[in-house]
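Accompanying notes for the structure given below.
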Amino acid sequence: MVHIAPAWPEPEPLDPLSAPVPRYGTGSLADLLPTIATGLGMTGLATTMELAPADRACVFLIDGLGWELLRAHPEEAPFLTSLLGTSFNGSGRPLTAGFPSTTATSLASVGTGLPPGAHGLPGYTCEDPATGALMNQLRWYPWTDPYAWQPYPTVFQRADAAGIHACQVSAPNFQHTPLTQVALSGGTFHGRLSGEERMDLAAEQLAAGDRSLVYTYYSEVDGKGHRYGVNSDAWRGQLMYVDRLAQRLAEQLPSRSALYITADHGMIDIPFDPDSRIDFDEDWELRAGVRLLGGEGRARHVYAHPGAAADVLAVWREVVGEQMWVASREEAIAAGWFGPQVDDRVRARIGDVVAAAHADMVIIATEREPRESEMVGMHGSMTPVEQLVPLLEVRT
């Protein structure tokens, strides 16, 4: 008798429609400032998210402090942990960042109150259709006119025009960056070097107006996570420090104030092995037909040579489709990855193929992106550890 081995079905690639799309309109970072500003008496801001109004509002954004990371470290962050039940208007739930879950995209969503498909910063890097160059939207290189790239006013600009005392308190080197100009400008910028100085000044600025909107920011939780990983002592030390900063600010709030503590994304450590880190520069299949590789390791924009988009999509689905949600540009837009609609000026900035990691892996590029390829902590995709962010609240 001849024994025939059973024919196992070929693994199916992940369905792009199964990706957990951010809660644009009801519970994403893009909804935060429009909701707060509406509570300050402003009109014409589109959001269906609900927060109790306050006369003075401060947003403290901690770069890289995702919801799941915070919940996993109660000993390092006792003050922030004590506020978990206040998150999202007392529901104890997180917000979603947006896609990709990366700093340039998230800060633009926070400041403009718009999803990525509208504000037009759809990733760490993306193609500038006018030049064909790959643009880094965090460092704004190569240079392009910031206000042509992102033409919408910020919520801070609209608040300032409405007579609300609006300001940003951050590191001095951020004051004149193009990202600050298009995402967070409006009112007055106050540069302070130390975290303690920022917290003290943010509290002072809250009290400076009968209606105030203040934004402050701390970056090094993210910085240490990229360099050393979120399981490192360096990262835990930063979490302990920022916990003290948040408490320092909360204890100085003037009357009739609300403090919202949030983040732009979470982070996940990726092992240094070939299965977890696929090197695009060494993989001939993934390179075939590709003109430009954009985005970042866990959220890739893939730009194909003319006529090759369908083949690139098929190959990427075959090679990494079990580990990543791989979609064509049209599929990603239709699925709402970048928001409910995508402006015409933004559409071509999105890759012909968009790949978002589901598994604990990245697509690095050791020749094109040597520094980014060496990072321990990564983010960008739609998994809960990257996508979910707190919205902790203190009121006076």
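The side-chain contact (heavy atoms from CB on, under 4.5 Å) test with L392 singles out one residue from T86, T81, L259, and that residue is T86.
By the side chain to side chain donor-acceptor pair (under 3.5 Å) test, D160 pairs with no residue at all, sequence neighbours left out. Every side-chain contact (heavy atoms from CB on, under 4.5 Å) that A133 has, sequence neighbours left out, goes to T131, P142. In this structure, E68 has no salt bridge (charged side-chain N to carboxylate O under 4.0 Å, His left out) partners at least two apart in sequence or on a different chain. Remark: Y24 engages no residue in a side chain to side chain donor-acceptor pair (under 3.5 Å) (not counting sequence neighbours).
When side chains are defined from C-beta on, M42 counts as touching I164, because their heavy atoms get closer than 4.5 Å. Side-chain contact check for H190 versus Q205: some heavy-atom pair is nearer than 4.5 Å.
L388 and L51 sit in two unconnected hydrophobic clusters of ILVMFWY residues. Membership requires side-chain heavy atoms under 4.5 Å apart, directly or through other members.
Listed for the S109 side chain is no donor-acceptor partner under 3.5 Å among the backbone atoms of P115. With T180 contributing its side chain and F174 its backbone, the two residues share a donor-acceptor pair below 3.5 Å. No side-chain donor-acceptor contact under 3.5 Å links R256 to the backbone of A54. Judged by distance alone, the side chain of T96 and the main-chain N or O of G98 form no donor-acceptor pair under 3.5 Å. In terms of modelled atom types and a separation under 3.5 Å, the side chain of Q238 and the main chain of A234 share no donor-acceptor contact. Judged by distance alone, with hydrogens and angles left aside, the side-chain atoms of R347 form no donor-acceptor pair with the main-chain N or O of D343 at under 3.5 Å. Although no hydrogens or angles enter the test, the distance criterion places no donor-acceptor pair under 3.5 Å between the side chain of S170 and the main chain of Y217. Put simply, the side chain of R349 never gets that close to the backbone of C126: no donor and acceptor are under 3.5 Å apart. Side-chain N or O atoms of R198 include one that pairs as donor or acceptor with a backbone N or O of L193 at under 3.5 Å. A donor-acceptor distance shorter than 3.5 angstrom exists from the side chain of H301 to the backbone of G351, with no hydrogens or angles considered.
Ring geometry for H226 versus H379: interplanar angle of 30 to 60°, hence tilted.
A salt bridge links D200 and R248; the closest N-O separation between the charged side-chain nitrogens and carboxylate oxygens is under 4.0 Å.
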Going by atom type alone, with no hydrogens or angles, which donor-acceptor pairs under 3.5 Å involve a side-chain atom of residues 355-364 and a protein atom two or more places apart or on another chain?
none

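For H73 and W235, the distance between ring centers is under 6.0 angstrom.
Taken to the nearest 0.5 Å, the CD atom of Q168 stands 7.0 Å off from the CZ atom of F189.
Using modelled atom types, one finds no donor on one side chain facing an acceptor on the other under 3.5 Å when comparing S219 with D222. Under the 3.5 Å distance criterion, with hydrogens and angles disregarded, a donor-acceptor pair is assigned to the side chains of T35 and T47. Side-chain atoms of R139 and Y124 form a donor-acceptor pair, as typed in the model, at a separation below 3.5 Å. Side-chain atoms of T103 and D264 include a donor-acceptor pair closer than 3.5 Å.
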One pair to check against side chain to side chain contact (heavy atoms under 4.5 Å, CB included): Y260 and R395. What are the steps and the verdict?
CA-CA 9 Å; Y260 299 100; R395 286 182 172 262; 3.0 Å; yes
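Cluster note: L134 groups with L292, Y303 through ILVMFWY side-chain heavy atoms spaced under 4.5 Å, whether in direct contact or through intervening members.
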